[in-house]
Amino acid sequence: MKRTFIVGLACFAITALAAWGAYAAGGPKPEPLPKAKTIQELAERYDSSRCMDCHEDIHEEWSNSLHARSILGTPRTAPTIITAIENGLKIFPYSGVTKDEDITVEHLMMCAKCHLPQLDEATDDVAREIVATIRGWQQAYKDQNYDKVDELQESLESLNIGCAVCHNKLAFIHKWSDGYAQPDTIYGAQEGDHEDETYSQMAEAPALGESIFCGQCHGLGPNFEMDHPSQCATLYGSYLYSYVAHGGSESCQECHMEKSGLGHDMQAYRSEEMIDMALDVSVEGRSLFWRKNRDEGVVPIGVINVEIYNKAGHVIPDG
């Protein structure tokens, strides 16, 4: 038993050292860019259309995903942000928010931490502009002013989880050991020169193909690092503690990108492919006559048995 314990410690030490000394193409923490002052300025900074010429198929896949409209959503997300403001921020006695004009980037990060992480590169005016745009979009629907709806919806859709969010801003998780994403580098599966004015280099990031990468947004549970934590996505926690802990070995990317054949069109409940992969559903039904009493006579009833087996690597539903 003692020898086993020592060997176990030795293996742990080697693993820890390997992780500490992991090679990555990150670098020193770069100087922050000037804060974006408008939605348009922030959207242009992370505009994925620049990638389309060389990565047309991937861009088309991504365009169909909810990552491409992460603020607008299905479009359920944008109204939920307003609900969080009205039934949350404006009610919490110490939030400092009594009207929309009081909203700051810090307030919106409760949602934007996952739905628009680059909002931390914007001024508070951008946070307020997002809220005003969502409200204007909702009002245009009520007024049946569909030209205005389209205009404001296009503005909201310009704010998304695009190429540079995943392949630059969020590319590194353990920054003290692996380094920080460099402003001239796009991270993926290759190294070398890259034909782009802003991202002129390509390099690898160690976690980009691992489930922990997705866990940054599809998380463990409450974001306790915030002044007011919110309970939202717990998918990665479910994956770790239920699926991996019981011997599961496939990553988020293997199921949602490779086995599904969807690539960067990473889908969940909206996709027939993902539904078929995730669930086995069996439905059995039968009808019969049942005698209730002498006065009412024979009455028909139906018996339906539904069995659902979860084959996914996490709870369903979740985000």
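Along the sequence shown, residues are numbered consecutively beginning with 1. Both backbone and side-chain heavy atoms feed into the values below; hydrogens, waters and symmetry mates do not. Keep in mind the model is a prediction, meaning the values are calculated, not measured.
- Applying the salt bridge (Lys or Arg N to Asp or Glu O under 4.0 Å) test to pairs two or more places apart or on separate chains, those with a residue in residues 153-172 are Arg69-Glu157, Asp120-Lys169, Glu121-Lys169.
- Using modelled atom types, one side-chain atom of His115 and one backbone atom of Ser70 make a donor-acceptor pair closer than 3.5 Å.
- In this view, Tyr146 and Tyr141, Gln144, Val149 satisfy the side chain to side chain contact (heavy atoms under 4.5 Å, CB included) rule, not counting sequence neighbours.
- Other residues sharing the hydrophobic cluster of Ile316, ordered by chain and number and joined by side-chain separations under 4.5 Å: Leu279, Val281, Val283, Ile304, Val306, Ile308.
- With hydrogens and angles disregarded, a donor-acceptor distance shorter than 3.5 Å links the side chain of Asp196 to the backbone of Thr198.
- Annotation for Tyr309: hydrophobic cluster partners, listed by chain and number, are none (ILVMFWY side-chain heavy atoms under 4.5 Å, direct or chained).
- Annotation: salt bridge (charged side-chain N to carboxylate O under 4.0 Å, His left out) contacts of Lys99 (sequence neighbours excluded): Asp102.
- The salt bridge (Lys or Arg N to Asp or Glu O under 4.0 Å) analysis of residues 251-271, with sequence neighbours excluded, yields the pairs Glu250-Lys259.
- Put simply, the side chain of Ser65 never gets that close to the backbone of Met266: no donor and acceptor are under 3.5 Å apart.
- Sorted by first then second residue, the salt bridge (Lys or Arg N to Asp or Glu O under 4.0 Å) pairs that include residues 84-95, not counting sequence neighbours, are Glu86-Lys90, Glu86-Arg135, Lys90-Asp100.
- The salt bridge (charged side-chain N to carboxylate O under 4.0 Å, His left out) check on Asp125 picks up Arg128, with sequence neighbours excluded.
- The closest donor-acceptor contact from the side chain of Glu44 to the backbone of Glu41 lies at 3.5 Å or more, if one exists at all.
- For Thr104, the side-chain hydrogen bond (donor to acceptor under 3.5 Å, both in side chains) partners at least two apart in sequence or on another chain are His107.
- By the 4.5 Å side-chain criterion applied to Ile, Leu, Val, Met, Phe, Trp and Tyr, Ile91 is assigned to no cluster and stands alone.
- In this structure, His194 places its NE2 atom where more than 12 heavy-atom neighbours from other residues, nucleotides or ligands lie under 6.0 Å away.
- Surrounding CD of Glu225 are more than 12 heavy atoms belonging to other residues, nucleotides or ligands, all under 6.0 Å away.
- A donor-acceptor distance shorter than 3.5 angstrom exists from the side chain of Gln182 to the backbone of Pro28, with no hydrogens or angles considered.
- At least one donor-acceptor pair under 3.5 Å links the side chain of Ser271 to the backbone N or O of Glu273.
- Qualifying salt bridge (charged side-chain N to carboxylate O under 4.0 Å, His left out) partners for Asp276, counting only residues two or more places apart in sequence or in other chains: none.
- Counting only distance, with no hydrogens or angles, the side chain of Thr83 and the backbone of Pro79 share a donor-acceptor pair below 3.5 Å.
- Listed for the Thr80 side chain is a donor-acceptor partner under 3.5 Å among the backbone atoms of Arg76.
- Under the 3.5 Å distance criterion, the side-chain polar atoms of Glu129 are matched with a main-chain donor or acceptor of Ile39.
- Within the hydrophobic cluster formed by Ile, Leu, Val, Met, Phe, Trp and Tyr side chains joined at under 4.5 Å, directly or through other members, Ile186 is accompanied by Tyr199, Met202.
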